[in-house]
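All heavy atoms count here, side chains included; hydrogens, waters and symmetry mates do not.
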Amino acid sequence: MAPFRILSFDIECAGRKGHFPEPTHDPVIQIANLVTLQGEDQPLIRNVMTLNSCSPIVGVDVMSFDTEREVLLAWRDFIREVDPDIIIGYNICKFDLPYLIERAQALKIAEFPILGRIRNSRVRVKDTTFSSRQYGTRESKEVTVEGRVQFDLLQVMQRDYKLSSYSLNSVSAHFLSEQKEDVHHSIISDLQNGNAETRRRLAVYCLKDAYLPQRLLDKLMFIYNYVEMARVTGVPISFLLSRGQSIKVLSQLLRKAKQKNLVLPNVKQAGSEQGTYEGATVLEARAGFYEKPIATLDFASLYPSIMMAYNLCYCTLVTPEDVRKLNLPPESVNKTPSGETFVKSNLQKGILPEILEELLAARKRAKADLKEAKDPLEKAVLDGRQLALKISANSVYGFTGATIGQLPCLEISSSVTSYGRQMIEHTKKIVEDKFTTLNGYEHNAEVIYGDTDSVMVQFGVSSVEEAMNLGREAAEYISGTFTKVYFPYLLISKKRYAGLFWTKPDKFDKMDTKGIETVRRDNCLLVKNLVNDCLHKILIDRDIPGAVQYVKNAISDLLMNRMDLSLLVITKGLTKTGDDYEVKAAHVELAERMRKRDAATAPNVGDRVPYVIIKAAKGAKAYERSEDPIYVLENNIPIDPQYYLENQISKPILRIFEPILKNASKELLHGSHTRSISISTPSNSGIMKFAKKQLTCIGCKALLGKGNHTLCPHCKGREAELYCKTVTHVSELEMLFGRLWTQCQECQGSLHQDVLCTSRDCPIFYRRKKAQKDMAEAKLQLDRWNF
DNA sequence: AGCTGGTTGACAAATTTTTAATTGC
DNA sequence: CTGCACGAATCAAGCAATTAAAAATTTGTCAACCAGCT
């Protein structure tokens, strides 16, 4: 089979000054294209189509046109000529493609939207919303281009990875360690209206936006993984991006049923009946800091195994009446702990167990092949396949429990979970019964925690090796698997713990954290870093005083206003539309305010909203104090360090330190380091509007009388010293700013041009802006000496 | 009339409940 | 063949758990008020 032809593209359009571009008014000014053959590193074609003249770019075919109509038609012809199988880009489904179509409509170019592989078939655009528990609610557009798969990397990222920001910039930084500049749309117009040189600059941005999605596609091997998934589950690739999990299971069911000459019933929607059933058991967590190794016993793919072992399926479920009528012998049926009855496989083999058997067998084969594979490409293919098979196996159970689905069957799902509950309780009991001093073991084993398919056991031994041996013995005894040991282990509560992860006795593999702030996206970076570094110091370095000192320094820095704004940005997802929220929340209110400022760039449903908490009147709710970080930076609004200390840092830190340190609260949050509070910059809102700013002495901050601009009489004698100090301060800040500026220039790839980037996701951007503000302020101080 | 003790209502503080976000398995 | 109006059909893996913030409710406090007693 010929390799796929992949087109990556990006468009730039010029909005009227200060407005986000709209297809009815604003022209498309540039389109950048990259065409690549699947599996090859270098693109076949690199080109840019641009309105008005543009200076040449090395290695790129630059096509300048005089009218927008020519640009659009050139692109249409280009698509038809290249005839790509897959069209990729970043946010192309919601922005680039619909924009081109609608723009062509506005310009009345009727012959433009014929881009697919069906002759004379026009591209159609439709608004859609997708909503599921797993992926959340998201508004998008459906663009039909026959014969070409649209593979929008934004959608892929949002589905496959949980990130705190999904901007192309932030995603590229995360996966490719490569930044891109974020240029505000108002600047795009300026560059377009400049000269051939500024348009060249714009073209370079545009090309980069087409290049990065291509890099992501290669690096993360999406084509392999998605093609494998499509093959295994039997759905088109577009379904994997536009539909949910259940269509995959349904497709497999249909395929299997067809083989067996069966048909699936058309189950009517059960109305508003939202039946729910009992799920898995989570064992009570004995919270604490464990300095002895903790062994983890678990059952590999528990739910699929249960369904296979007990032959649970739609076609094996019988009612008590059936049992009587058909006179089924008791040895031919299983009664599940939840009270349902299923016939055994000798009478009727279930379809679901059969699907699962095949999936798991195929996964086993893929894993075996993976071990033998040498070629990295082949490895990638096989790893993608085995992962796809695992996910498929796990979602079969979920499908039967989906009450608003095609074929719900709560009898199956509740039976699965009831067996699961029985197994974990049973495991806990026999481990604690067997490994006792009475039975000749050195210590009594204690189950300290367990969730769904795993139990954490403290055997009481102090070496990792002994714990591993006992773990293996126990696993054999309960016919489960033994995988790992945690040592040391910090158990905070159910679903929240951290520990060093050992799979071999000589060295730990990594630090593993579950459920706590380091892995949650709704915390600011400050909290994430702080918790992570503390855990590192406590678990790996075993240096508790060091961790305490570290926290104190961080708190002191925060209160002194020395904290970088990028560390204080909190992000939360906007999960529903504004009116559906019943209570006011910080990110929802901010999104609403931003909508009023500029409707086009405000966050939408499904987007994540970044915000910081600013100073305000005492007693103001958090939702009244949330603000856009960029806005805060530009308008010099003071943030509220106290909020970050009390509402962000304090509780997570205490949860970690409480099991380790007595008086943790006193030690960490009320020490002398919390008294070094900086004088806040006066807010330009509320009562402060009426306060007059008075000059203070540069030496000692005492208020100065009239006609006195620099020093109070007391400091008069130190003139030379203080002047030097101010000069040094300014030059230090100038150097810092210069360094950051150069860094941004390097990022944009040129040291000879102005920096235009305003990326919300880039820490350098925040620091550069702050350095700029500080420098301006310091210069103002210096100017006072000239009086 | 003046004092006392109890009641009441307004408001603040404390506590509980609800809502939303997010993760574990 | 396209565009438009209208109606019908389709679609969405699961539960358990923690945490923070807002909203609702209870509790506490204090002053004003009033009736009864000395």
Side-chain angles (χ1 to χ4, degrees), chain A residues 105 110 120-122 124 128-138 162 164 239 242-250 266 268-269 274-285 287 298-303 391-410 412-414 416-418 420-421 424 449-454 492-497 512-523 527 570-576 580-589 608-609 613 619 621-626 643 646-648 650-652 655:
Chain A
Q105 221 163 47
N120 287 332
S121 166
R122 281 167 184 266
R124 298 171 295 284
T128 55
T129 52
F130 178 87
S131 172
S132 86
R133 262 186 56 103
Q134 195 183 27
Y135 298 121
T137 305
R138 209 159 265 138
K162 300 207 167 245
S164 39
F239 278 24
S242 62
R243 307 272 300 261
Q245 287 286 348
S246 73
I247 191 69
K248 296 195 244 175
V249 181
L250 183 67
N266 186 5
K268 270 196 225 108
Q269 294 283 310
Q274 276 273 3
T276 189
Y277 60 95
E278 197 180 342
T281 301
V282 182
L283 297 180
E284 218 42 60
D298 49 26
F299 300 100
S301 40
L302 178 68
Y303 286 177
I391 293 166
S392 295
N394 284 338
S395 53
V396 171
Y397 147 77
F399 180 80
T400 65
T403 41
I404 333 170
Q406 285 90 348
L407 208 55
C409 183
L410 294 192
I412 297 176
S413 45
S414 61
V416 171
T417 56
S418 68
R421 289 194 297 276
I424 192 171
Y449 176 55
D451 187 348
T452 311
D453 62 351
S454 65
I492 292 169
S493 66
K494 285 180 177 182
K495 298 191 192 284
R496 286 182 171 227
Y497 56 82
D512 199 17
T513 52
K514 289 285 161 69
I516 49 188
E517 284 70 20
T518 49
V519 296
R520 293 184 64 90
R521 294 178 292 171
D522 52 355
N523 285 96
V527 174
I570 303 165
T571 73
K572 277 192 177 152
L574 207 54
T575 55
K576 32 187 159 178
D580 289 348
Y581 278 97
E582 293 190 29
V583 294
K584 291 176 176 178
H587 61 299
V588 184
E589 295 294 300
R608 296 190 66 80
V609 186
I613 298 292
K621 300 282 186 192
Y623 61 79
E624 294 166 320
R625 296 191 282 154
S626 56
Y643 172 87
E646 285 167 13
N647 298 52
Q648 294 289 123
S650 124
K651 283 185 177 169
R655 278 195 290 268

[X] side chain near [N] phosphate (N/O to OP1/OP2, under 4.0 Å):
X: A:R521; N: B:dT23; result: yes
X: A:R243; N: C:dA12; result: yes
X: A:R496; N: C:dA17; result: no
X: A:Q406; N: C:dA12; result: yes
X: A:K495; N: B:dG24; result: no
X: A:H587; N: B:dA21; result: yes

How many whole angstroms separate atom [atom1] of [X] from atom [atom2] of [N]?
X: A:L574; N: B:dT22; atom1: CG; atom2: P; answer: 10 Å
X: A:R122; N: C:dC1; atom1: CZ; atom2: C1'; answer: 10 Å
X: A:R520; N: B:dA21; atom1: CZ; atom2: P; answer: 12 Å
X: A:I570; N: C:dA20; atom1: CD1; atom2: P; answer: 12 Å
X: A:L283; N: C:dA17; atom1: CG; atom2: P; answer: 10 Å
X: A:N523; N: B:dT22; atom1: CG; atom2: C1'; answer: 10 Å
X: A:R138; N: C:dA12; atom1: CZ; atom2: P; answer: 16 Å

query = Charged N to carboxylate O below 4.0 Å: is that the case for A:E589 and A:K621?
reply =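 A:K621 and A:E589: not salt-bridged.
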query = Does the distance from a Lys or Arg side-chain N to an Asp or Glu carboxylate O, for A:D451 and A:K494, drop under 4.0 Å?
reply =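 Salt bridge absent between A:D451 and A:K494.
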inquiry  = Going by side chain to side chain donor-acceptor pair (under 3.5 Å), A:R520 matches just one of A:T518, A:N523, A:D522. Which one?
reply    =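 Option passing the side chain to side chain donor-acceptor pair (under 3.5 Å) with A:R520: A:D522.
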query = Are A:K576 and A:Y581 in a cation-pi contact, defined as NZ or CZ under 6.0 Å from the six-membered ring centre and within 45° of the axis?
reply =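 Geometry flag: set, cation within 6.0 Å and 45°.
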Pairwise N/O distances under 3.5 Å, protein to nucleotides 22-24 of chain C:
from: C:dA22; atom 1: OP1; to: A:A622; atom 2: N; distance (Å): 3.2
from: C:dA22; atom 1: OP1; to: A:Y623; atom 2: N; distance (Å): 3.2

query = For C:dA12, which nucleotide is its Watson-Crick or G-U wobble mate, given both distances must be under 3.5 Å?
reply =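 Result: none.
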Donor on one side chain, acceptor on other, A:S164 and A:R521, under 3.5 Å =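 A:R521 and A:S164 do not have a side-chain donor-acceptor pair below 3.5 Å.
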task = Could you check if a side-chain atom of A:Y643 sits within less than 4.5 angstrom of a side-chain atom of A:R625, using non-hydrogen atoms only?
result =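 Yes, side chains in contact.
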